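Let me begin by presenting the structure, written as structure tokens, before commenting on it.
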Amino acid sequence: MSRSHVPLLIDLKGRRIVIFGGGEVAERKARLFLQGDLVVVSREFSDGILRMASDELLEIVEADLLSEDGLVIAERALEGAFIAIPATSDRTLNAALEDIARRKGALVNSVDIEGEVVVPSIIKKRSVVLAISTGIPALSRYIRMNLEREVEVYALMADLLSRIRKDLKEIVVPQSRRRDLLWAVLSDSSVWACLENGEISSAHEKAYMRVRENLTPDEQDNLDAGDPQEGLDQ
């Protein structure tokens with residue numbers, strides 16, 4: 001990833017994504033971009049793409065992209081496109097489709113060279129998303145494999161902090177104090193140890209105890225009145 005690239009999280013809902021090609025690479029790209037308004041243009045399609053089309057997860061458009069008529073269809077498909085992904089097996093064709101996409105104002109995710117949009121190696125565990133980009137796909141995958149277990153624990157902590165923060169908003173007004181209370185939980189090694197061992201109920205109990213000991217008596221009463229620990233074993 002070049003210095004001009006900036007890592008972003010983008011909501012693709014309602015944004016048109018156009019993939020050219022119907023093979024294995026195109027199918028992999030399709031699974032990555034299913035959140036968008038996805039269109040796949042090709043002469044033939046893999047079984048996976050056809051299944052996604054049957055499930056109405058994407059739209060397929062049949063076209064021979066090596067023909068003049070096919071390129072006309074490609075231009076039409078790119079109208080209003082947010083991202084274009086030329087993923088055919090023909091590098092020359094991919095380059096031509098990239099040029100058309102840029103003229104139409106679409107960003108390009110290239111399978112042959114580094115385009116405007118780089119798809120990182122992604123770890124997603126509920127509310128925690130970690131994107132890894134090294135410029136060497138094999139290394140990115142290796143890092144992801146080594147981090148996945150650790151990120152699972154972070155996701156559990158994120159769920160716990162989200163619950164605590166929701167409770168604290170009812171009783172602690174200053175945002176800075178809520179932040180300090182959450183940091184008290186994050187700094188508690190016993191909470192982390194419980195999460196790492198899969199002892200979720202114990203982690204929640206210890207976390208609320210850590211928060212409670214840093215509250216004023218009135219805040220403690222309000223926290224107890226709200227019964228935030230109800231259902232910790234669920």
Side-chain angles (χ1 to χ4, degrees), residues 1 3-15 17 31-38 57 82-83 107 117-134 140-234:
M1 188 170 70
R3 292 183 179 180
S4 60
H5 284 88
V6 177
L8 300 171
L9 294 176
I10 299 175
D11 185 355
L12 294 179
K13 184 178 181 181
R15 296 184 184 273
I17 313 294
R31 295 188 187 282
L32 285 171
F33 286 93
L34 278 177
Q35 296 86 349
D37 180 10
L38 188 58
L57 298 175
F82 180 57
I83 297 175
L107 298 173
V117 176
V118 176
V119 179
S121 186
I122 298 171
I123 303 174
K124 186 172 183 179
K125 303 288 186 179
R126 295 182 295 283
S127 63
V128 176
V129 179
L130 184 65
I132 305 162
S133 180
T134 66
S140 297
R141 287 195 297 272
Y142 181 83
I143 294 172
R144 183 195 68 207
M145 290 169 60
N146 280 274
L147 289 178
E148 279 182 323
R149 169 57 185 165
E150 191 170 352
V151 173
E152 173 64 28
V153 177
Y154 292 152
L156 293 173
M157 177 61 84
D159 292 344
L160 174 54
L161 293 179
S162 177
R163 180 174 181 175
I164 293 173
R165 184 173 62 177
K166 181 180 178 181
D167 291 330
L168 290 177
K169 283 184 176 180
E170 302 296 325
I171 61 174
V172 179
V173 175
Q175 189 275 336
S176 59
R177 281 207 62 222
R178 295 200 301 269
R179 179 197 60 208
D180 291 342
L181 291 166
L182 294 179
W183 269 107
V185 175
L186 282 166
S187 302
D188 191 325
S189 59
S190 67
V191 176
W192 285 107
C194 288
L195 293 176
E196 289 167 0
N197 293 327
E199 301 167 1
I200 308 304
S201 295
S202 295
H204 282 222
E205 183 178 354
K206 289 178 181 295
Y208 273 101
M209 288 175 60
R210 178 64 65 204
V211 169
R212 194 177 188 282
E213 68 186 23
N214 286 282
L215 295 176
T216 67
D218 286 344
E219 290 170 341
Q220 289 178 2
D221 289 342
N222 289 331
L223 184 66
D224 294 340
D227 197 15
Q229 298 187 44
E230 182 181 352
L232 288 180
D233 294 329
Q234 295 179 3

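Everything quoted here is computed from the prediction, not taken from an experiment.
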Can you tell me how far the [atom1] atom of [X] sits from the [atom2] atom of [Y], to the nearest 0.5 Å?
X	Y	atom1	atom2	answer
Arg165	Arg179	CZ	CZ	13.5 Å
Gln220	Asp218	CD	CG	9.5 Å
Leu161	Arg178	CG	CZ	13.5 Å
Asp167	Leu181	CG	CG	12.0 Å
Ile132	Met145	CD1	CE	11.5 Å

Sequence neighbours left out, what pairs pass ring-ring contact (aromatic ring centres under 6.0 Å, His included) with at least one residue falling in residues 170-192?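 Output for this query lists Tyr154-Trp192.
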
For Arg144, enumerate each residue passing the side chain to side chain donor-acceptor pair (under 3.5 Å) test, keeping only those at least two apart in sequence or located in another chain.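 By the side chain to side chain donor-acceptor pair (under 3.5 Å) rule, Arg144 matches Ser121.
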
For Thr216, side chain to side chain donor-acceptor pair (under 3.5 Å) partners two or more places apart: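 In terms of side chain to side chain donor-acceptor pair (under 3.5 Å), with neighbours along the sequence ignored, Thr216 is linked to Glu219.
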
Side-chain donor or acceptor of Ser140 paired with backbone N/O of Thr134 under 3.5 Å: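 Indeed, once roles are kept as given, a pair shorter than 3.5 Å links the two residues.
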
Taking salt bridge (Lys or Arg N to Asp or Glu O under 4.0 Å) as the definition, give me every residue that meets it alongside Arg126, ordered by chain and number, with sequence neighbours left out.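 Salt bridge (Lys or Arg N to Asp or Glu O under 4.0 Å) list for Arg126, sorted by chain: Glu152, Asp159.
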
For Arg210, give me all partners under salt bridge (Lys or Arg N to Asp or Glu O under 4.0 Å), at least two apart in sequence or on another chain.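 Partners of Arg210 by the salt bridge (Lys or Arg N to Asp or Glu O under 4.0 Å) criterion, ordered by chain and then number, come out as Asp188, Glu213.
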
Specify the closest pair of heavy atoms between [X] and [Y], including all atoms of both residues, with the distance to one decimal.
X	Y	result
Ile171	Leu215	CD1-CD1, 4.2 Å
Leu38	Leu57	CB-O, 4.4 Å
Asp11	Arg15	O-NE, 3.2 Å
Lys206	Ser190	CD-OG, 3.7 Å

Non-neighbouring partners of [X] that pass side-chain contact (heavy atoms from CB on, under 4.5 Å), sequence neighbours left out:
X	answer
Pro217	none
Leu8	Val6, Ile10
Ala158	Ser127, Val128
Leu160	Met157, Ile164, Val191, His204, Ala207

Evaluate side chain to side chain contact (heavy atoms under 4.5 Å, CB included) for Leu195 paired with Ile200, printing each intermediate quantity in order. CA-CA 6 Å; Leu195 293 176; Ile200 308 304; 4.1 Å; yes

Is the shortest side-chain heavy-atom distance between [X] and [Y] below 4.5 Å?
X	Y	result
Ile17	Asp37	no
Phe33	Val119	yes
Asn214	Asp180	no

